[in-house]
Each structure stands twice: as structure tokens, then as C-alpha cells.
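To start, the structure itself, in C-alpha cells.
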Amino acid sequence: MDGFKNFIIQYRGALIGALVAILILFTNLYKLIIGIILICIGLFVGNYIQHNKYEVKEKIKNFVDKL
């Protein structure tokens, strides 16, 4: 019994993470999480392009010229 108790104490963070992951999978919550992450990435990229318009144009131009 001590071995099992030590196992639980040592790996409780991993066990809690596994339980949360199982809960997310069973409730299809991962679709919402992926959507929110994609929205945040889009916001970040749009803001970066807006504030660094000329640098982005140059980088795209150089990339197209290499092709």
C-alpha cells in the first residue's frame, strides 16, 4: 500500500493532467480550445502586420524574388 501511495504522491500532477485531458476529449471541448487558439494567432499576426507593414512587405517581396 505504501508503494501505491508514494506513486500517487510522486505523479499526482501527471495524473491530474491525464484526467483533465480525458475530460476535454470526452466533452469535445478540444474543438473550442483549438478555435480560440486559432483566433488568438490570427489576432497576433494581424496586429504584427499592421504595426510592421513595410517590413512585412519587404520580407514577402524578398521571399517571392527567391522563388
Side-chain angles (χ1 to χ4, degrees):
M1 194 65 174
D2 271 344
F4 182 71
K5 185 177 179 182
N6 289 336
F7 175 80
I8 295 294
I9 290 171
Q10 185 175 2
Y11 295 109
R12 69 176 158 228
L15 294 172
I16 292 171
L19 291 175
V20 169
I22 290 170
L23 180 68
I24 288 172
L25 284 175
F26 284 147
T27 60
N28 286 330
L29 194 59
Y30 66 92
K31 293 177 184 176
L32 176 66
I33 293 170
I34 291 172
I36 291 171
I37 289 171
L38 288 175
I39 290 171
C40 291
I41 290 171
L43 288 169
F44 177 75
V45 169
N47 188 38
Y48 178 79
I49 291 173
Q50 182 181 2
H51 289 288
N52 300 307
K53 196 180 319 182
Y54 299 112
E55 291 177 20
V56 172
K57 282 183 181 179
E58 286 297 318
K59 288 179 183 179
I60 292 174
K61 181 181 172 189
N62 291 336
F63 179 73
V64 171
D65 288 341
K66 287 180 183 180
L67 293 178

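Atom-to-atom distance recorded for Asn52:CG and Glu58:CD is 13.0 Å, nearest 0.5 angstrom. Put simply, CG on Leu32 and CD1 on Ile24 are 10.0 Å apart, with the number rounded to the nearest 0.5 Å. Atoms CD1 and CD1, on Ile39 and Ile34 in that order, are 12.5 Å from each other to the nearest 0.5 Å. With rounding to the nearest 0.5 angstrom, the NZ atom of Lys59 is 15.0 Å from the NZ atom of Lys57. Annotation: the span from Glu55 atom CD to Tyr48 atom OH amounts to 5.5 Å, rounded to 0.5 Å.
Leu29 and Leu25 fall within the same hydrophobic cluster, defined by Ile, Leu, Val, Met, Phe, Trp and Tyr side-chain heavy atoms under 4.5 Å apart, directly or through other members. No chain of hydrophobic side-chain contacts below 4.5 Å, direct or via other Ile, Leu, Val, Met, Phe, Trp or Tyr residues, connects Phe26 to Val20. In the hydrophobic cluster analysis, where Ile, Leu, Val, Met, Phe, Trp and Tyr join through side-chain heavy atoms closer than 4.5 angstrom, Ile16 is grouped apart from Leu23. Linking ILVMFWY side-chain heavy atoms closer than 4.5 Å, directly or via other members, places Phe63 and Val45 in two distinct hydrophobic clusters. Leu19 and Phe4 fall into different hydrophobic clusters, where Ile, Leu, Val, Met, Phe, Trp and Tyr are joined by side-chain heavy atoms under 4.5 Å apart, directly or via other members.
A distance-only check finds a donor-acceptor pair linking the side chain of Asn6 to the backbone of Asp2 [under 3.5 Å].
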Derivation and outcome, side chain to side chain contact (heavy atoms under 4.5 Å, CB included), residues Tyr30 and Asn28: CA-CA 5 Å; Tyr30 66 92; Asn28 286 330; 3.5 Å; yes
Side chain to side chain contact (heavy atoms under 4.5 Å, CB included) assessment of Ile60 paired with Val64: CA-CA 6 Å; Ile60 292 174; Val64 171; 4.3 Å; yes
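Classified by interplanar angle (parallel below 30°, tilted 30° to 60°, perpendicular above 60°), the ring pair Tyr11/Phe7 is tilted.
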